[in-house]
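Here the structure comes first, spelled out in structure tokens, and everything after it is commentary.
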Amino acid sequence: MNLIEAKLNETYIVESIDSKDDNAMKKLLSMGILPGTELKVLQKKPTIVFEVYHSRFAIDNSLGEKVYVTKNHPQG
Amino acid sequence: MTGNNKYKVLLVGNPNVGKSLLFYHITGKYASVSNYPGTTVAITKGVAKIGSHHELEVIDTPGFYNMITITEEEAVTKRIIFEEKPDVILHVIDAKNIERMLPLTLQLLEANLPVILVLNMYDELKRRGLEIELSHLEHDLGIPVVCTIATKKYGIDNLISRIISVAEKRYKFQPIKIGYSTLVEDAITRVVELIKNEYPISKRSLATLLLQGDVEAYKLIDKEEAVDEISKFAGGFVKNDISLKIAYDRHRMAVDIIGENIYENEKKKVSGIKNLLDKLTLHPIFGFIAVFIILYFGFYKFVGGFGAGTLVDLIETNLFEEIINPYVNSFFSKILGDSIFFSLFAGDYGIITLGVRYAFAIVLPVVSTFFLMFSVIEDSGFLVRISMLLDKILKKIGLSGRSVIPLILGLGCGTMATVVTRTLETKRERYLVTFLLALTIPCSAQLGVILGLLGGSFSMLMIWFVSILVIFLISGFVLNKYTKGEQATFFMEIPPIRMPKLGNVMVKTFSRLKWYAFEIIPIFIYASALIWIGKITKIFDFLTYILTFPAKWAGLPDKMGEIFLYGFFRRDFGAAGLYDIQDIMTNKQLVVASVVLTLFVPCIAQFAVMIKERGLKTSIFIFLSVIPFAFIFGMILNSILGIWGY
């Protein structure tokens, strides 16, 4: 699923980034979003807000739909 | 040691990490505490004398995320790194965000640049319960690492002494080697073999840029290099997501380094009230309510009421009308008599009695209270929240949340706001915002007078406000529809809500006022002189005469023609002229005149900046479309209000 479909207050692991749009990818990289990065969805309206490491970012849907995530199952 | 040793020091890093404040502490000169992207857009240079024989030339660069650059600002920073040959580069980062920012440090040290890693906002890292093994981190990276808290001037002396030791080449750099996965590593090796000459950055670093198809890197390498071969070789990798792979490898390395050097001391909780406020201001409903509260008290009450009301009355009436103007008039009439030169300095349109008076009595109080308010909402982290909340709505007219910054700043000074459109990402968005600034956004000088004129009647003020809002939306919608190009995307870091520090707010307000005083106030004075020339040559009479026609069509008195003309030389001249003739106008005329004047062409200063930023052709197009639009809308509004029986 992509970040738009992600649920509020859940933690996810980034699976992949849609790399067709070069510019969008650079922006996502600058926020530290990479395959394997853990992020938490804090808000979905009016824009997506998520926490990655110790920062929060707001991104619009056109960027959010390019980030594919899976639910993070806490291990052990 | 003989004579002066001059060294070049470069500050680089993400926006919002306190670069500009560090710059200020090192040089003692104020740039601007960059909290919103844009205050450091122009490169700021300063000189610091350290002891008797060291001099540092410090350059503050715009926000920089990655050696592969996205925006024009970033490209500028990269060009400076390539061209200026700095003796020291300070990579300033937000200490608590080290995971996200260390990859850039790795890129800089991979390029073999003399980097010092500056962990700023060290207190915020501590507050999160994190501890850092400083000397160990320094050892692992092989470059100097310094902790600072710019807002508290902590760590500055230490930083300066490290700068000197690096500049004098007394520090032995042993930068860690960035290892990549086999595929990337092989590709880099191949490109490094193809590069013959030496460049300001290491071949290895250059190779990673070339492999990612970086435009500036291709510009950097000489023509005699095997450019075609390199780009053909790199082409295959660009398609194969090499950027992602490279970024991934660097990132993994950064995480490894941090894992060994930073540990969690104890879990700490942020205070409840701060946390609640932080959440509320981001909330889709409460956030909007907060925006309205801030706009009401901050702008309407403080800037409109106190600045444009109390202060303007005090300075305008008590100081100029009662003391300065009578004195100036009698002084110049004594020495110049009744000659035409009398009216250059004194009288109704004199440089002192009009130019200086408007500058100090009307504009200064409004602009200072506005900039003060703007600095507060900026430093508190509120401005970013407004951007985030409005992004979706602004998308409908082709803008992104980021454009909130120049648009709000435009309420202070449209000229400054037009400069700040540089921070917007796409050419299209910059154009749209420039247009809207020219057409709809009233600057604080105008706003001050309009609030003063209409403030007494709530219904008049609302008619004006709704008219401007409707035009903003309609013109935004139309412009969006007929302007080519792609919709801008939006992303922004959201800082925590913080209590703005008084000192920082004052310094920032002061630096903006200084800009205003040096860039704008002289234009006031020139404009007064131009008006004088225009008047004695009768050119103005002719232009005024022409402008009385559309004024009449919109149901306004003839005198308005003159005000519209002055409105161009300074939008606020026009507004202030309106202030002077309010007694002869009906309420309906006042509202219509306020609306038309708000929409009418921007002032001469803004027009000049528009030409500089957007080019002559675009500026003339904007200029010429604004004039008929302003009058046509004035006529429509006049008829609507007439039918309505206002």
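In what follows, chains carry the letters A, B, and so on, assigned in the order in which the sequence lines appear, proteins first and then strands, with residues in each chain numbered from 1. No hydrogens, no waters, no symmetry mates; every other heavy atom, side chains included, goes into these values.
Contacts with chain A were tallied for B:T489, B:I98, B:I393; B:T489 has the most, counting heavy-atom pairs under 4.5 Å. Counting heavy-atom pairs under 4.5 Å between each of B:V255, B:N66, B:N97 and chain A puts B:N97 at the top. Comparing B:E425, B:E124, B:M101 by how many heavy-atom pairs each has under 4.5 Å with chain A, the most go to B:E425.
When every heavy atom of B:H251 is checked against every heavy atom of A:G32, the shortest pair comes out as CE1-O, 4.3 Å. Residues A:L34 and B:L244 share a closest heavy-atom pair of CD2-O, 4.2 Å. Here the closest heavy-atom approach between residue B:P495 and residue A:R56 is recorded as O-NH2, 3.5 Å. Here the shortest heavy-atom pairing between B:M388 and A:K45 reads CE-O, 4.4 Å. The nearest pair of heavy atoms linking B:A488 to A:D60 is O-OD2, 4.2 Å. Considering every non-hydrogen atom in both A:L29 and B:S243, the closest pair reads CD1-O, 4.2 Å.
Atom CZ of B:R100 and atom OG1 of A:T37 lie 11.5 Å apart (nearest 0.5 Å). Atom CG of B:N14 is separated from atom CE of A:M31 by 11.5 Å, given to the nearest 0.5 angstrom. Atoms NE2 and CD, on B:H283 and A:Q43 in that order, are 7.5 Å from each other to the nearest 0.5 Å.
Using a 4.5 Å cut-off between heavy atoms, B:R385 contacts chain A through its side chain alone, with no backbone atom that close. At a 4.5 Å heavy-atom cutoff, B:P103 makes no contact with chain A through either its backbone or its side chain. Heavy-atom distances place no part of B:A95 under 4.5 Å from chain A, backbone and side chain included. In this structure, the portions of B:L282 lying under 4.5 Å from any heavy atom of chain A include both its backbone and its side chain.
The local environment of CD in A:E5 is crowded, with over 12 non-hydrogen atoms from other residues, nucleotides or ligands closer than 6.0 Å.
Under the side-chain hydrogen bond (donor to acceptor under 3.5 Å, both in side chains) criterion, A:N61 pairs with no residue at all, not counting sequence neighbours. Under the side chain to side chain contact (heavy atoms under 4.5 Å, CB included) criterion, A:D21 pairs with A:N23, A:A24, A:K66, sequence neighbours left out.
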Trace of the side chain to side chain contact (heavy atoms under 4.5 Å, CB included) decision for B:Q487 with A:S62: CA-CA 10 Å; B:Q487 172 82 266; A:S62 74; over 6 Å; no
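Side-chain polar atoms of B:D391 and A:T47 form no donor-acceptor pair below 3.5 angstrom.
For the side chain to side chain contact (heavy atoms under 4.5 Å, CB included) test with A:K27, the passing option among B:Y65, B:F491, B:F490 is B:F491; the others fail.
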